[in-house]
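Encoded as structure tokens, the structure appears first; notes follow it.
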Amino acid sequence: MLDLHFHNSATRRKEKFTPLDALHVRMYVCGPTVYDLAHIGNARPVIVFDVLSRLLRRVYPRVTYARNITDVDDKIIDRARDSGEPIDSITTRTTADYHADMASVGAMRPDIEPRATTHIAEMITLIEKLIAGGHAYAAEGHVLFAVKSFDKYGKLSGRSPEDLLAGARVEVATYKNDPGDFVLWKPSTDDMPGWNSPWGRGRPGWHIECSAMSWKHLGESFDIHGGGEDLLFPHHENEVAQSLCAFPGSVFARVWMHNGMLRVNGEKMSKSLGNFRTVRDLLALGPWAGEAYRMLVLKTHYRAVLDYSEDALHGAKKELDRFQRAMGNAKPSAPHADVLAALADDLNTPLAVSVLHRLADAALAGDADAASSLRASVDLLGLCWTDAETWFRGEGDNAVIEAAINARLAARAAKNFAEADRIRADLLAQGILLEDNAGGTTWRRAS
RNA sequence: GGUCCGGUGGCAGAGUGGUGAUGCAGAGGACUGCAAAUCCUCGAAUGCCGGUUCGAUUCCGGCCCGGACCUCCA
């Protein structure tokens, strides 16, 4: 069996991966809060952990990958209030958009996609356990986690409670015993979503949602917890505190994996800077853009900052063009050993991509085995899921193009090169690029 | 201010205690009526200063620069 090694954020070291259950790997990744369209930064962890899940499935007999949908959150409530659209409508619509957008970057659906609103009972159970264990307290309709009750608080993110206070720039609510305490449950007014609880009608805090859903579907302890680097604190730190205190003796997540942030043209993506890109914006560039974005993401190591630009996206597209040409209609054999080795070493996708280029070189030189291995390798990475014909030509009726090509062939046969060039330039203006090969003239869409 | 991560050719981006992958871009060539695609060749990099070492891009320390986080942003 292939040995896997992953960088564990909790220890800040690369470690050999050993699942708790040798036959069944369990992984949890923080999913979206469904109040708006996903942006390309949201898509990065989805792509990264999709590749990880594909790798795990290849190595282990069973993998359970859970990624939640946060469908109760103050951002959703605010959006409903601002737009007038009912909450149910917002969350249903945004969830569907999310599924479509993540499919467009080649991500498979996780095995389980728990929604927060259907796990309120588990959240209440957890909160009751925390109160019973002296780790939480109710105050003014809220329930708060008592940070001081957990001596390992801050260990995951490498912070001490003093550090946290030093940088604190928030007003401390009067109902908190300690400024670092965070909300497990909060009261809802009548116009807000709420559930009955021992502390009155209310709704859960964000952090408890993930602790409850991972517990329900993966158990008290599981193997991998993933998410964006920005979630390390406070979200993941708080999950650890909640779950470990609710289940003494458990380990919660064995390995923590965090992907780096995405920047756009060297700047942090934000609405105020005007460089905000949704996945929809990306797809508007062309039907190839989703695959190209996935390629772009995999060309950078998952822990590094990724700087997005349209130039870089086009560069990634050209690399995919090359893989498509090299593969032709080859049937998949097995991923190249070097691709597997690269992925097994902390998901080194950039190194794996370099192996893909090596295979493409060999395939273009006529090596059929290399073409088959390339096919299997890109499948493992989830790249090139569009067949070559569609990739290069798109879908639709191409009779007009074929007619133009025939006219050009006739002109060339008559040595009327001026006319042949005119036809070619004409087509190029329409986004059609002609290529004269030894076997004849072919065409593809320019981009 | 605190914690953490990182600084490799024009750009992107790996690896490595012993003459630095890969892709894009660029130069030259083959092929082509001309292109495109493909192939061949080439130029081009380890932030700065110390230390350890026979030898450091790699390990250690300092500095400079960039980034993430510091109570609900993936």
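Proteins get letters first, then strands, A, B, ... in listed order; numbering begins at 1 in each. These numbers come from the heavy atoms of this one structure, side chains and all, not from hydrogens, waters or symmetry mates.
A straight line from NE2 of A/H301 to P of B/rG13 spans 12 Å, rounded to a whole angstrom. What separates CD1 of A/I208 from P of B/rU71 is a distance of 20 Å, to the nearest Å. Atom pair A/N68:CG and B/rC72:C1' shows a separation of 13 Å (rounding to whole Å applied). In this structure, the CG atom of A/L232 is 14 Å from the P atom of B/rU71, given to the nearest Å. The NZ atom of A/K155 sits 15 Å away from the C1' atom of B/rC4 (whole-angstrom rounding). One can place CG of A/L313 at 16 Å from P of B/rA12, the figure rounded to the nearest angstrom. The nearest whole Å value for the distance from the CG atom in A/L409 to the P atom in B/rG33 is 13 Å. Rounded to whole Å, atom C1' of B/rC73 lies 13 Å from atom CG of A/D36.
B/rG55 and B/rU19 have their C1' atoms separated by 12 Å, with the value rounded to a whole Å. With C1' as the reference atom, B/rG15 and B/rG9 are 16 Å apart, rounded to whole Å. Separation of the C1' atoms belonging to B/rA68 and B/rU52 is 32 Å when rounded to the nearest angstrom. B/rA12 sits 13 Å from B/rA45 when the C1' atoms are compared, rounded to a whole Å. Comparing the P positions of B/rG66 and B/rG29 gives an interatomic distance of 44 Å, to the nearest angstrom. Of the P atoms belonging to B/rC54 and B/rC49, the separation is 23 Å, rounded to the nearest Å. Between B/rG17 and B/rG51, the two C1' atoms lie 15 Å apart (nearest whole Å). Spacing of C1' atoms, B/rG13 relative to B/rG6, comes out at 14 Å, to the nearest Å.
Ring pair A/H135/A/F145 is parallel by interplanar angle, where below 30° counts as parallel and above 60° as perpendicular. Aromatic ring pairs are classed by plane angle as parallel below 30°, tilted from 30° to 60° and perpendicular above 60°; the pair A/W288 and A/H314 is tilted.
Each of A/V183 and A/R358 was assigned the nucleotide of RNA chain B with the nearest heavy atom; the assignment lying further toward the 5' end belongs to A/R358. Between A/H39 and A/F417, the one whose closest nucleotide on RNA chain B sits nearer the 5' end is A/F417.
Proximity of residues 362-391 of chain A to RNA chain B (heavy atom under 4.0 angstrom from any strand atom) is restricted to A/L364.
Comparing atom distances between the A/N348 side chain and each of B/rA14, B/rC69, B/rA74 picks out B/rA14 as nearest. Among B/rG67, B/rA36, B/rC72, the nucleotide with an atom closest to any side-chain atom of A/K186 is B/rC72. Nearest nucleotide to the side chain of A/E435, out of B/rA74, B/rA36, B/rG67: B/rA36.
Applying the 3.5 Å distance criterion, the base of B/rC4 shares no donor-acceptor pair with the side chain of A/R12. You'll find a donor-acceptor pair under 3.5 Å spanning the side chain of A/D421 and the base of B/rG33, going by distance alone. A donor N or O paired with an acceptor N or O is found under 3.5 Å between the base of B/rA35 and the side-chain atoms of A/R424.
Heavy atoms from other residues, nucleotides or ligands lying under 6.0 Å from NZ of A/K415 number 12 at most. Under a cut-off of 6.0 angstrom, the local environment of CZ in A/R201 is crowded, with over 12 non-hydrogen atoms contributed by other residues, nucleotides or ligands. Within 6.0 Å of the NZ atom in A/K155, the count of heavy atoms belonging to other residues, nucleotides or ligands does not exceed 12. Atom CG of A/N329 sits in a sparse spot, with 12 or fewer heavy atoms from other residues, nucleotides or ligands closer than 6.0 Å.
Contact annotation for A/L434: base contact, defined as any heavy-atom pair under 4.0 Å involving a base atom. Residue-level contact check: A/K75 touches the backbone only, with heavy atoms under 4.0 Å from sugar-phosphate atoms and none from bases.
Dashed line: the shortest gap from a side-chain N or O of A/R325 to OP1 or OP2 of B/rU38 is under 4.0 Å. Residue A/S157 places no side-chain N or O under 4.0 Å from the OP1 or OP2 atom of B/rU3.
Across every strand in view, B/rG9 sits unpaired, with no contact that passes the Watson-Crick or G-U test at under 3.5 angstrom.
Using a cut-off of 4.0 Å between Lys/Arg side-chain N and Asp/Glu carboxylate O, A/R81 and A/D78 are scored as salt-bridged.
Between A/L262 and the choices A/D307, A/T300, A/L306, the side-chain contact (heavy atoms from CB on, under 4.5 Å) rule is met once, by A/L306.
Residues A/E122 and A/W215 approach most closely at O-CZ3, 3.7 Å, considering heavy atoms. Residues A/A136 and A/V143 approach most closely at CB-CG1, 4.1 Å, considering heavy atoms. When every heavy atom of A/M123 is checked against every heavy atom of A/A116, the shortest pair comes out as CE-O, 3.2 Å. Taking all atoms of both residues into account, the shortest heavy-atom contact from A/L381 to A/V51 is O-CG2, 3.8 Å.
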**Item:** Per-nucleotide protein contact string for nucleotides 23-32 of chain B (B base, S sugar-phosphate only, - none; heavy atom under 4.0 Å)
**Value:** SSS-------
